[in-house]
Participant: 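Sharing a structure here in structure tokens format.
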Amino acid sequence: MVTLGVNIDHVATIRQARGTAQPDPVWAAALAQLGGADCITVHLREDRRHIQDRDVEILRKTVTVKLNLECACVPEMLDLALQLSPDQVCLVPERREELTTEGGLDVAGRADQVEQAVLQLTAAGIRVSLFIDPEEAQINAAARVGAHIIEIHTGRYANSSGEDRHKELSKIELATDYAMRARLEVHAGHGLNYENVIPVAATQGMRELNIGHAIIGRAVYVGMQAAVREMKELLDSLTRRRYG
Ligand code: PXP
């Protein structure tokens, strides 16, 4: 079964556009859970462009499903992650000028730093996920530094079409298989939506998908609870097809 993590960053993006109190991502998290979310995901960026420290503090106290905190692998954010104590931390690369997270974390190139972070977080009882591109070198490095989970960056798959999309899907399938054999749990996310999610969700061994922009975009029209439920039903229909 593939579970659904709902990324609520873009609710905070709308709030920050006016510097007011609404829309509050804490409310969005409650509605996402009513809609069937298995996990609530937030990215606390160093520039605090959307999610704020206060949001994560309240979410920690109110979210009853898994709370997944995405953050950069830098001392300030790791200290905060340890204080906030989410169930899971996903380490992501971060560049201030980017619109969204572009490309995966270079675990192979920063192995010592990432290993230290994994050790610190694991000692505090937090499961650690690494957001990486579907490449063997990065998967090997993720296993070496002791990560529990990899989240495969699906941006290239989402942004391609035709034969190229087929090729990107094969990379995700091969990477999932390779990571499972390295005893890593496999998640995926970025750019997934109601039209392109099924092939990724159907990948043998895929355990969780993190989806933000598409769900928040649909919620503008149909409401948060309904937008999450629709995505959840898509994933559940796959399970029904598989197991009758
Ligand atoms: N997973 C990670 C690690 C991300 O950084 C993001 C984007 O914030 C997502 C998933 C969700 O991407 P999207 O908003 O395109 O669904």
Side-chain angles (χ1 to χ4, degrees), residues 2-14 16 25 28-29 32 37-51 55-56 66-74 77 81 86-107 114 117 121 127-134 138 142 147-160 168 172 175-176 179 184-198 200-201 206-220 224 227-228 230-232 234-235:
V2 186
T3 55
L4 174 62
V6 177
N7 181 316
I8 54 173
D9 293 351
H10 291 304
V11 176
T13 302
I14 300 173
Q16 296 311 111
D38 302 292
C39 165
I40 298 295
T41 294
V42 284
H43 184 174
L44 187 62
R45 293 186 72 105
E46 289 180 87
D47 63 11
R48 306 297 198 274
R49 70 169 71 156
H50 40 51
I51 293 293
D55 301 331
V56 192
K66 180 169 72 175
L67 179 63
N68 174 36
L69 175 68
E70 296 174 358
C71 68
C73 186
V74 296
M77 299 313 297
D87 303 292
Q88 182 178 297
V89 164
C90 179
L91 297 175
V92 299
E94 216 173 274
R95 285 189 302 118
R96 286 194 180 231
E97 65 276 18
E98 70 191 357
L99 269 181
T100 179
T101 315
E102 294 160 3
L105 186 69
D106 181 14
V107 184
V114 179
L121 293 164
R127 298 189 83 216
V128 185
S129 174
L130 303 177
F131 189 45
I132 60 172
D133 290 320
Q138 298 297 344
H148 309 96
I149 305 159
I150 58 159
E151 180 172 331
I152 297 177
H153 194 307
T154 50
R156 281 218 196 90
Y157 161 80
N159 291 328
S160 59
E168 294 301 330
I172 293 167
T176 303
L184 288 159
E185 184 174 316
V186 183
H187 301 177
H190 204 96
L192 297 177
N193 59 37
Y194 298 84
E195 282 73 45
N196 66 17
V197 72
I198 287 294
V200 177
M206 187 60 69
R207 292 280 300 278
E208 187 162 285
L209 300 179
N210 268 303
I211 307 179
H213 191 264
I215 291 178
I216 305 304
R218 184 158 299 203
V220 170
M224 189 70 193
V228 173
E230 256 184 80
M231 185 59 80
K232 185 72 184 154
L234 268 179
L235 301 183

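In listed order, ligands and their atoms are each counted from 1.
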Participant: Would one find an N or O of V92, backbone or side chain, under 3.5 Å from an N or O of ligand 1?
Facilitator: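 It does not: no N or O of V92 is found under 3.5 Å from an N or O of ligand 1.
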Participant: With side chains defined as the heavy atoms from C-beta onward, is the minimum distance between M231 and R218 less than 4.5 Å?
Facilitator: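 A side-chain contact under 4.5 Å is absent here.
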Participant: Under 3.5 Å between any N/O of H10 and any N/O of ligand 1: does that happen in this structure?
Facilitator: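 Between H10 and ligand 1 (N or O atoms, distance only) the closest approach is not under 3.5 Å.
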Participant: When you check the side-chain N and O atoms of H148 and Q88, is any donor under 3.5 Å from an acceptor?
Facilitator: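 No pair is found: no donor N or O on one side chain lies under 3.5 Å from an acceptor on the other.
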Participant: Test side-chain contact (heavy atoms from CB on, under 4.5 Å) on M224 and I216 and set out the steps.
Facilitator: CA-CA 7 Å; M224 189 70 193; I216 305 304; 3.6 Å; yes
Participant: Does even one non-hydrogen atom of G191 get within less than 4.0 Å of ligand 1?
Facilitator: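 Yes, that is the case, since the closest heavy atom of the residue is under 4.0 Å from the ligand.
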Participant: Which of the atoms of ligand 1 are close to N210, meaning less than 4.0 Å from one of its heavy atoms?
Facilitator: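 Per the distance check, 10 (C), 11 (C).
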Participant: Can you list the ligand 1 atoms lying under 4.0 Å from a non-hydrogen atom of H213?
Facilitator: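 Going through ligand 1 atom by atom, the ones under 4.0 Å from H213 are 13 (P), 14 (O), 16 (O).
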Participant: Within the 4.0 Å heavy-atom shell around I211, which atoms of ligand 1 are there?
Facilitator: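 Ligand 1 atoms under the 4.0 Å threshold to I211: 16 (O).
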Participant: Start with the C-alpha distance between L105 and Q138, add both sets of side-chain angles, then the distance that settles side-chain contact (heavy atoms from CB on, under 4.5 Å), and finish with yes or no.
Facilitator: CA-CA 8 Å; L105 186 69; Q138 298 297 344; over 6 Å; no
Participant: For a 4.5 angstrom cut-off between non-hydrogen side-chain atoms, does D87 reach N68?
Facilitator: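 Result no, sub-4.5 Å side-chain heavy-atom pair not found.
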Participant: If you apply the rule side-chain contact (heavy atoms from CB on, under 4.5 Å), what do you find for N159 with E168, and how did you get there?
Facilitator: CA-CA 10 Å; N159 291 328; E168 294 301 330; over 6 Å; no
Participant: If the threshold is 4.0 Å, N to carboxylate O, is there a salt bridge linking D9 and R49?
Facilitator: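 Salt bridge: no.
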Participant: Do I51 and P25 touch side chain to side chain, with heavy atoms closer than 4.5 Å?
Facilitator: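 Yes, side chains in contact.
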Participant: For N7, take its heavy atoms, then give the atoms of ligand 1 lying under 4.0 Å from any of them.
Facilitator: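 Near N7, the atoms of ligand 1 are 8 (O).
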Participant: Short N/O distance, under 3.5 Å, between E151 and ligand 1?
Facilitator: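 Yes; at least one N/O pair falls below 3.5 Å.
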Participant: Looking at F131, which atoms of ligand 1 are within less than 4.0 Å of one of its heavy atoms?
Facilitator: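 Those qualifying, in numeric order: 2 (C), 3 (C).
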Participant: Going by distance only, is there an N or O of G212 that falls short of 3.5 Å from an N or O of ligand 1?
Facilitator: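 Yes: some nitrogen or oxygen of G212 is under 3.5 Å from one in ligand 1.
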Participant: Ignoring hydrogens, just give me the one of H43, H153, H190 whose non-hydrogen atom is nearest atom 12 (O) of ligand 1.
Facilitator: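 Of the listed residues, H190 has the closest heavy atom.
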